[in-house]
There are 2 protein chains.
Amino acid sequence: MTELRNTKQRIAVTAALSATDRFQSAQELHLAVALAGHSVGLTTVYRTLGALADSGDVDTVISTDGQVLYRRCIEPSHHHHLVCRDCGRTVEVEGPQVEKWADAVATANGYVDVSHTLEIFGRCSACATLRTPS
Amino acid sequence: MTELRNTKQRIAVTAALSATDRFQSAQELHLAVALAGHSVGLTTVYRTLGALADSGDVDTVISTDGQVLYRRCIEPSHHHHLVCRDCGRTVEVEGPQVEKWADAVATANGYVDVSHTLEIFGRCSACATLRTPS
DNA sequence: ACCTAGTTGACAACGGTTTTCATTTTCGAC
DNA sequence: GTCGAAAATGAAAACCGTTGTCAACTAGGT
């Protein structure tokens, strides 16, 4: 069915993903690949990330301003993210009781085919010390 | 400070918001206003919705494809939403234990200035019966 | 009625993402 | 190794939701 080929471009993109533990936009990753010395078209970056997201190899988060952020998946099972608003540094978190609560609420209201999005945004300690309030 | 005036445009937009309990995009609301017989510019719809969102009079949700959906707020306190993927029909839900869990996880990891997004998406019973699987 | 700061809307601009399509590349078959 | 079909690439254009521009308009106090 799906025939995937090993191209230098895909290798470069996955390498860039593996080089960081932060959520990054497609454009940031495109820049990261360029800085790593490889030339990959922006279109290809988008396509590669889309494919990886479909296959579940990267996690995606929609930032509060609507753009998609990507990050390589460490924990393969279902989990959520604690993301730094400034630098993207991320901690994977799990909340089994939250999952159960969400499903229970949905079925109690007659909703089927249920999914949920749960992300926690904040400022990590490193970024918090940088921008000290007045 | 903020001096708000009562214009027919704002009245028309808030009326359209009050006429439904569903999450709708700015463009859908713009159409709804037009169908209601009023002529309001799309720019004004966006501005009005933005203002209402800032003042907390409407809830906003970012759909999975990145666009902003608006809905008039029934419950003024902090809550989350169970949204139908197809028609936007929405139930407001509360999960105090989830709030506490999110804050605890964030502070345990040294994150400050914490917020979170939690939305449940599914298919409401009405829409579920419409598109019966094969 | 008048004044003025707030408001409107047609249109252009913006920015992230997707599509197009001609060219290039991978990789199994020979 | 090399051939060739299918997959992949990338530059540019299209897309689409959203925001900015700015001249004309209006609500509401005096």
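To find a chain, count down the sequence lines: A is the first, B the second, and so on, and within it residues start at 1. Every value quoted in this text rests on a predicted model; they were computed, and no experiment measured them.
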Which nucleotide wins on minimum distance to the side chain of [X], given the candidates [options]?
X       : options               : value
B:Gln27 : C:dT7, D:dA8, D:dG17  : D:dG17
A:Ala26 : C:dT17, D:dA8, C:dC27 : C:dT17
A:Arg5  : C:dG9, D:dA5, D:dT18  : D:dA5

Check your understanding: Side-chain heavy atoms under 4.5 angstrom apart, residues restricted to Ile, Leu, Val, Met, Phe, Trp, Tyr: same cluster for A:Val98 and B:Val105?
Key ->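 Same hydrophobic cluster.
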
Look at [X] and [N] and indicate whether a side-chain polar atom (N or O) is within less than 4.0 Å of OP1 or OP2.
X       : N      : result
B:Thr43 : C:dA10 : no
A:Lys8  : C:dT26 : yes
B:Arg10 : C:dT8  : yes
A:Tyr46 : C:dT18 : no
B:Gln9  : C:dG9  : yes

**Message:** Rounded to whole Å, please give me the gap between CG in A:Leu49 and P in D:dT9.
**Reply:**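 Rounded to the whole Å, the gap is 12 Å.
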
Check your understanding: Can you tell me how far C1' of D:dG17 sits from CG of B:Asp65, to the nearest Å?
Key ->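 Between C1' of D:dG17 and CG of B:Asp65: 10 Å.
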
Query raised in the report: Between the base of D:dA8 and the side chain of A:Thr44, is there any donor-acceptor pair under 3.5 Å?
Result: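 When only heavy-atom distances are counted, A:Thr44 does not reach the base of D:dA8 through any donor-acceptor pair under 3.5 Å.
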
Donor-acceptor pair under 3.5 Å, B:Arg47 side chain vs C:dG9 base |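 Side chain to base: pair present.
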
For a 4.5 angstrom cut-off between non-hydrogen side-chain atoms, does A:Leu82 reach A:Thr90?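 They are not in side-chain contact.
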
Exercise. NA contact type, A:Ser39, heavy-atom cut-off 4.0 Å: base, sugar-phosphate, or nothing?
Worked result: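 The answer is sugar-phosphate, as A:Ser39 gets under 4.0 Å only of primed atoms, P, OP1 or OP2.
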
query: Once the angle between the rings of B:His81 and B:Phe23 is folded into 0 to 90°, is it parallel (under 30°), tilted (30 to 60°) or perpendicular (over 60°)?
result: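 Geometry flag for B:Phe23 against B:His81: perpendicular rings.
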
Of B:Gly66 and A:Leu42, the one whose closest DNA chain D nucleotide lies more 5':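 In this pair, the answer is A:Leu42.
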
Is A:Asp86 paired with A:Arg123 through a side-chain N to carboxylate O contact shorter than 4.0 Å?
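Result for this pair is yes, salt bridge flagged.
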
